[in-house]
Amino acid sequence: MEHFLLKPLPETMTELEAEVTLIEAAQKRCDDMIRDLMGREDAAQGVFFPAEIHELHQQKNMLETHKEFRRVRMRRLRLEADI
């Protein structure tokens, strides 16, 4: 898990945007690893990676949730700035 996800949400737009970028990069790494594992599966040889692929999908979903938390905080900060 990314270390910054264990900390409270930042309060500045710059920090939030930076974390969203880091989360998107982590999601891309998950996608790449999923594709790699799926490409290495070989039904004829009985080589499958269901647990690993499932775990990566779960991690990607968790990252999406963290990204959405940051987007909500960013919208709230924009709204508060307009008031």
Side-chain angles (χ1 to χ4, degrees):
M1 179 184 293
E2 307 298 325
H3 71 281
F4 65 88
L5 296 177
L6 301 174
K7 299 178 184 176
L9 286 177
E11 292 291 333
T12 68
M13 289 294 286
T14 305
E15 291 175 310
L16 289 164
E17 290 168 349
E19 286 190 4
V20 166
T21 301
L22 291 172
I23 291 169
E24 289 171 345
Q27 286 178 307
K28 171 118 176 50
R29 284 192 303 273
C30 285
D31 279 336
D32 292 343
M33 289 189 292
I34 290 167
R35 269 191 230 101
D36 177 59
L37 288 172
M38 291 175 83
R40 292 184 359 208
E41 288 185 329
D42 185 353
Q45 298 293 324
V47 178
F48 300 101
F49 303 100
E52 294 87 347
I53 291 170
H54 176 74
E55 177 62 32
L56 287 166
H57 278 291
Q58 293 293 93
Q59 184 175 355
K60 187 177 167 193
N61 290 337
M62 180 266 308
L63 289 166
E64 185 63 32
T65 301
H66 281 280
K67 186 167 68 171
E68 188 59 29
F69 286 151
R70 281 147 183 82
R71 286 182 178 154
V72 167
R73 172 75 52 99
M74 289 165 54
R75 282 193 295 271
R76 192 187 56 163
L77 289 174
R78 284 187 198 111
L79 181 64
E80 288 173 356
D82 289 342
I83 294 177

For side chain to side chain contact (heavy atoms under 4.5 Å, CB included), just list the numbers for Leu37 and Arg40, CA-CA rounded to whole Å, side-chain angles, deciding distance to a tenth of an Å, and then say yes or no. CA-CA 5 Å; Leu37 288 172; Arg40 292 184 359 208; 3.8 Å; yes

Just list the side-chain donor-acceptor pairs under 3.5 Å for residues 5-13, sequence neighbours left out, or say none.
{"from": "Glu11", "atom 1": "OE2", "to": "Arg73", "atom 2": "NH1", "distance (Å)": "2.7"}
{"from": "Thr12", "atom 1": "OG1", "to": "Glu15", "atom 2": "N", "distance (Å)": "3.2"}
{"from": "Thr12", "atom 1": "OG1", "to": "Glu15", "atom 2": "OE1", "distance (Å)": "2.9"}

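Side-chain contact between Glu19 and Lys67 is absent, with no heavy atoms from C-beta onward closer than 4.5 Å. Side-chain contact between Met62 and Gln58 is absent, with no heavy atoms from C-beta onward closer than 4.5 Å. Looking at heavy atoms from C-beta onward, Ile34 lies out of side-chain contact with Glu52 at the 4.5 angstrom threshold.
The line from CE of Met33 to NZ of Lys28 is 11.0 Å long, rounded to the nearest 0.5 Å. In this structure, Arg29 CZ and Asp36 CG are separated by 14.5 Å, a value rounded to the nearest 0.5 Å. Atoms CG and CZ, on Leu22 and Arg70 in that order, are 9.5 Å from each other to the nearest 0.5 Å. To the nearest 0.5 Å, atoms CE (Met74) and CG (Leu77) are separated by 8.5 Å.
In this structure, Phe49 places its CZ atom where more than 12 heavy-atom neighbours from other residues, nucleotides or ligands lie under 6.0 Å away.
The heavy-atom pair separating Ile23 from Leu63 by the smallest distance is CG2-O, 3.4 Å. Summarising the geometry of Met38 relative to Ile53, their closest heavy-atom pair is CG-CD1, 3.5 Å, with the distance given to 0.1 Å.
Val72 and Phe69 end up in different hydrophobic clusters when Ile, Leu, Val, Met, Phe, Trp and Tyr side chains are linked at under 4.5 Å. Following chains of ILVMFWY side-chain contacts shorter than 4.5 Å, one cannot reach Leu79 starting from Leu16, and the two form parts of different hydrophobic clusters.
Comment: Glu68 engages Arg75 in a salt bridge, judged by a side-chain N to carboxylate O separation of less than 4.0 angstrom.
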